[in-house]
Amino acid sequence: MFRSWRRRRVLARQSIPDEAWRAALAASPVLARLPSPQMERLREIALLFLHEKRFEPAVGYAIDESMRVRIAALAALPILELGLDYYENFAAVVVHPDEFVVRDREIVDEDGVVHTGDDVLSGETWEQGPVILAWAEVEASGRGESYNVVAHELAHKIDMLNGEADGAPPLHSGMRLAEWTAAFDDAYESLLDELDRGKEPWLDPYAAEDRAEFFAVCTEMFFDVPKRFAREYPDVYAQLAAFYKQDPAKRGTV
């Protein structure tokens with residue numbers, strides 16, 4: 001009750017500056033195509049996101065209002081019909097200027113062998129920590145060009161609401177886990193088969209890393225190029241439409 005009261009108070013007393021909001025929409029055509037009622041809700045959720053999440057620049061870096069607003073607007077899209085509570089499992093967004101290096105990361109291969117090496121990342125999500133983004137990658141997101149690092153990393157956070165990220169977020173009443181699993185497993189195995197045969201897939205090969213990454217990449221495509229994604233993966237599209245309670249292919253996007 002207190003959280004709801006506090007949010008109503010924020011919406012009544014604060015607003016995102018018009019100039020910053022217009023700039024965020026101009027930079028992200030996927031957002032700009034939302035119809036008026038959804039656009040109003042997007043702006044409200046973005047405002048609450050700005051109010052409730054800390055934005056922390058990497059050491060030696062600085063972020064301004066326009067950058068925070070753009071990230072918040074992109075973050076609001078996946079939860080447009082779900083609500084901000086779907087992001088309750090993190091409090092901070094860390095922003096690097098560009099891709100960043102994670103040193104001495106341990107990776108276990110399919111044979112159980114542990115390898116240690118450095119990773120160059122455009123974004124990362126910690127199960128018990130922040131969302132980390134590279135600003136250069138945020139700038140390339142939401143343009144209808146099959147890329148959205150914000151949607152990708154926040155899909156991981158949504159996936160983690162019911163435990164370790166595994167590509168199966170907490171489904172709504174009326175959705176069937178068996179149908180979700182069948183749609184995603186078929187598509188995932190099809191992607192692996194394409195790669196095994198040396199065929200270049202339409203979907204980013206990074207989606208083949210594991211089922212959690214497959215879900216995150218599919219979320220990117222669902223919001224960024226929904227019509228093409230619906231043609232390529234109709235069953236997965238239908239499951240994501242039911243989960244996110246949105247049908248972006250009807251908005252005139254790619």
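Given the structure is predicted, the values throughout are model-derived calculations rather than measurements.
Other residues, nucleotides and ligands place no more than 12 heavy atoms under 6.0 Å from the CZ atom of Arg176. Within 6.0 Å of CD on Gln14 lie more than 12 heavy atoms contributed by other residues, nucleotides or ligands. Heavy-atom contacts from other residues, nucleotides or ligands closer than 6.0 Å to CZ of Arg13 number 12 or fewer.
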For this session: Show your reasoning for whether salt bridge (Lys or Arg N to Asp or Glu O under 4.0 Å) applies to Glu44 and Arg8.
Result: CA-CA 10 Å; Glu44 290 181 349; Arg8 288 195 301 270; over 6 Å; no
Problem set entry | Candidate pair Trp202 and Arg228, rule side-chain contact (heavy atoms from CB on, under 4.5 Å), full reasoning | CA-CA 10 Å; Trp202 173 74; Arg228 178 68 188 274; 3.0 Å; yes
Exercise. side-chain contact (heavy atoms from CB on, under 4.5 Å) between Met39 and Leu25: does it pass, once the steps are laid out?
Worked result: CA-CA 10 Å; Met39 184 67 75; Leu25 298 183; 3.8 Å; yes
Problem set entry | side chain to side chain donor-acceptor pair (under 3.5 Å) between Glu127 and His156, worked out | CA-CA 9 Å; Glu127 187 173 355; His156 285 316; over 6 Å; no
Problem set entry | Gln239 vs Phe222, side-chain contact (heavy atoms from CB on, under 4.5 Å): CA-CA, chis, key distance, verdict | CA-CA 11 Å; Gln239 290 298 314; Phe222 177 78; over 6 Å; no
For this session: Apply side-chain contact (heavy atoms from CB on, under 4.5 Å) to Arg7 and Leu84, showing your working.
Result: CA-CA 10 Å; Arg7 287 175 177 173; Leu84 192 58; 3.9 Å; yes
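The shortest distance between side-chain heavy atoms of Tyr86 and Leu154 does not fall below 4.5 Å. Considering only heavy atoms from C-beta on, His152 comes within 4.5 Å of Val217 through its side chain. Lys53 is not listed as a side-chain neighbour of Val131, based on a closest heavy-atom distance of 4.5 Å or more. You'll find the side chain of Phe223 stays beyond 4.5 Å of the side chain of Leu80, heavy atoms only. Side chains of Pro169 and Trp180 form a contact here, defined as non-hydrogen atoms less than 4.5 Å apart. Side-chain contact check for Tyr147 versus Glu137: some heavy-atom pair is nearer than 4.5 Å. Residues Val94 and Tyr61 fail the side-chain proximity criterion, which asks for heavy atoms closer than 4.5 Å. In this structure, the side chains of Ile63 and Trp135 stay at 4.5 Å or more apart for every pair of heavy atoms.
A donor and an acceptor atom, one from each side chain of Trp126 and Gln128, are nowhere located under 3.5 Å apart.
At a threshold of 4.0 Å, the pair Glu81-Arg41 counts as salt-bridged, since one of the basic side-chain nitrogens sits closer than that to a carboxylate oxygen. With respect to Asp18 and Arg43, a salt bridge is recorded, a charged nitrogen being found less than 4.0 Å from a carboxylate O. Salt-bridge annotation for Asp185 and Arg211: present, with a side-chain N of the basic residue lying under 4.0 Å from a carboxylate O of the acidic one.
Met160 shares a hydrophobic cluster with no other residue; no ILVMFWY side chain has heavy atoms under 4.5 Å from its own.
Ile79 CD1 to Ile158 CD1: the interatomic distance, rounded to the nearest 0.5 Å, is 7.0 Å. Here the straight-line distance linking atom CZ of Arg3 with atom CD of Glu52 works out to 7.0 Å at 0.5 Å rounding. Here the straight-line distance linking atom CD1 of Ile71 with atom CD of Glu153 works out to 12.0 Å at 0.5 Å rounding. We find the CE-OG distance between Met221 and Ser146 to be 5.0 Å, quoted to the nearest 0.5 Å. Atom-to-atom distance recorded for His96:NE2 and Asp98:CG is 11.0 Å, nearest 0.5 angstrom. To the nearest 0.5 Å, the span separating CG on Leu161 from CG on Asn89 amounts to 4.5 Å.
The backbone N or O of Leu77 lies less than 3.5 Å from a partner atom in the side chain of Gln246, making a donor-acceptor pair. Counting only distance, with no hydrogens or angles, the side chain of Glu194 and the backbone of Lys199 share no donor-acceptor pair below 3.5 Å. Distance alone, capped at 3.5 Å, is enough to place a donor-acceptor pair between the Tyr87 side chain and the Ala75 backbone. Proximity of a side-chain donor or acceptor of His172 to a complementary backbone N or O of Phe243 within less than 3.5 Å is detected. With hydrogens and angles ignored, the 3.5 Å screen pairs no side-chain donor or acceptor of Ser190 with any backbone N or O of Asp186. A donor-acceptor distance shorter than 3.5 angstrom exists from the side chain of Asn162 to the backbone of Ala168, with no hydrogens or angles considered.
Applying the salt bridge (charged side-chain N to carboxylate O under 4.0 Å, His left out) test to pairs two or more places apart or on separate chains, none has a residue in residues 157-175.
Taking the six-membered ring wherever Trp is involved, the centroid distance between the rings of Tyr233 and Tyr237 does not fall below 6.0 Å.
Trp5 is not connected to Leu48 by any chain of hydrophobic side-chain contacts under 4.5 Å among Ile, Leu, Val, Met, Phe, Trp and Tyr, and they are in different clusters.
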